[in-house]
Amino acid sequence: MAPVTNTPPEVSILHPKVLLFTAGLTTSIFLSYRFYKRYIRRIRNYLDLTSSILNNRQSLYGYVTSVPDGDNFRFYHTPGGRLLGWGWLRSIPTTRAALKDETLMIRLCGVDAPECSHFGKPAQPYSQEALQWLREYINGRYVTITPYSIDQYKRVVARAQIWKWNGRKDVSAEMLKRGIAVVYEGKVGAEFGDNESWYRKLEAKAKKLKRGMWSLGKKLQTPSAYKKLYVNN
Ligand SMILES: *[C@@H]1O[C@H](CO)[C@@H](O)[C@H](O)[C@H]1NC(C)=O
């Protein structure tokens, strides 16, 4: 057996091994920060939505806590999803008090659902159908949103997608197919991502097949016409 002579190597700050180690450490700190930002840090409410999230079209995974209207819902961000313990190790609050300031109000991009009755205005036909359908489809489930912008009511205009047995579904598109929403007609805050032409095609098809509100034919009043009518009331 050869005698073990272990003379410690000279260690200088510029030694290649030290440099390599420092570079590795810096990289891993940087990567774990990126990982933290992407998968661990929770977006509590619209104030946490940075322009980099909006501009990079970063998608967020979360849980739908309520559906108050035919084209919007409350979203509780659960970064990392079940993998990081959401729904089993970490619970999603259920009470109104615990959810206060902890959700994003999402406005579905690219569509308008018929208006429910508000402040004594009559409800539009198919408004209940739209609301009921959306509740059944997404309430109490996990969805992926892609936030595009924040509107004048501090709602987050976003694309919403959900996994169903037959694949990933775009919620706005599903409503258009069923004739329970029309393509968004407003001039301000119109957001379609890259899906405007697709949405218009789906709307045209639903119209042709007289699905949902399109069965009303000429009697159909679009949500935007309805809003104009009641804008001063
Ligand atoms: C909808 O938009 C997404 C992302 O912006 C894009 O990847 C996708 O191809 C679009 N879908 C259709 C059917 O155009």
Side-chain angles (χ1 to χ4, degrees), residues 34-35 37-39 41-43 45-46 48-64 67 69-83 103-114 130 133-139 141-214 222-224:
R34 294 253 321 236
F35 185 82
K37 269 200 354 193
R38 186 97 171 79
Y39 299 107
R41 186 179 57 175
R42 215 177 80 74
I43 304 294
N45 52 53
Y46 76 96
D48 287 345
L49 275 184
T50 58
S51 50
S52 104
I53 295 177
L54 296 172
N55 296 341
N56 296 329
R57 293 200 177 161
Q58 187 187 320
S59 56
L60 305 172
Y61 187 71
Y63 186 82
V64 177
V67 180
D69 222 334
D71 45 31
N72 51 60
F73 62 89
R74 284 203 172 274
F75 172 90
Y76 184 91
H77 186 209
T78 57
R82 298 199 148 262
L83 209 59
T103 59
L104 299 173
M105 179 59 110
I106 306 298
R107 172 66 168 83
L108 283 175
C109 73
V111 295
D112 264 329
W133 180 87
L134 188 61
R135 282 193 174 144
E136 255 166 57
Y137 206 62
I138 65 170
N139 198 26
R141 289 167 201 263
Y142 286 92
V143 294
T144 301
I145 61 157
T146 311
Y148 294 136
S149 61
I150 298 170
D151 75 6
Q152 80 233 58
Y153 309 108
K154 302 182 168 72
R155 297 179 305 189
V156 180
V157 184
R159 177 181 196 205
Q161 291 168 288
I162 185 166
W163 276 99
K164 294 284 176 182
W165 62 273
N166 53 351
R168 192 153 66 162
K169 301 289 171 185
D170 177 304
V171 179
S172 301
E174 293 304 311
M175 295 190 78
L176 290 168
K177 277 185 204 168
R178 289 165 173 78
I180 48 176
V182 301
V183 170
Y184 186 79
E185 296 168 298
K187 299 272 181 290
V188 241
E191 296 283 359
F192 297 97
D194 300 321
N195 296 130
E196 181 168 1
S197 59
W198 181 43
Y199 288 168
R200 292 200 186 280
K201 248 182 251 163
L202 293 175
E203 184 191 61
K205 193 167 173 201
K207 198 170 176 174
K208 203 169 133 202
L209 298 173
K210 296 190 164 39
R211 291 263 163 79
M213 46 202 298
W214 300 109
T222 64
S224 75

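Numbering of ligands and ligand atoms starts at 1, following listing order. Quick note: residue numbers are just sequence positions, from 1. These numbers were taken from a predicted model, which means no experiment stands behind them. In what follows, every heavy atom counts, from backbone to side chain, and hydrogens, waters and symmetry copies are set aside.
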*Stepwise, does the side-chain contact (heavy atoms from CB on, under 4.5 Å) test hold for Phe75 with Val156?*
CA-CA 10 Å; Phe75 172 90; Val156 180; over 6 Å; no
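Inside a 4.0 Å radius of atom 2 (O) of ligand 1 there is at least one protein heavy atom. Distance remark: protein heavy atom not present below 4.0 angstrom from atom 7 (O) of ligand 1.
Of the protein's non-hydrogen atoms, the one nearest atom 9 (O) of ligand 1 is Asn195 ND2, 4.7 Å. Among protein heavy atoms, atom 4 (C) of ligand 1 sits closest to Arg159 NH1, 3.7 Å.
Looking at ligand 1, you won't find any N or O of Tyr148 less than 3.5 Å from one of its N or O atoms. Residue Trp198 places no N or O, backbone or side chain, under 3.5 Å from any N or O of ligand 1.
Remark: Asp194 engages Arg57 in a salt bridge, criterion side-chain N to carboxylate O under 4.0 Å.
Around NZ of Lys164, the count of heavy atoms belonging to other residues, nucleotides or ligands within 6.0 Å exceeds 12. Within 6.0 Å of NZ on Lys207 lie no more than 12 heavy atoms contributed by other residues, nucleotides or ligands.
For ligand 1 and Arg57, the ligand atoms under 4.0 Å from any heavy atom of the residue are 5 (O).
For the pair Arg42 and Tyr76, the distance from NZ or CZ to the six-membered ring centre is under 6.0 Å and the angle to the ring normal is within 45 degrees.
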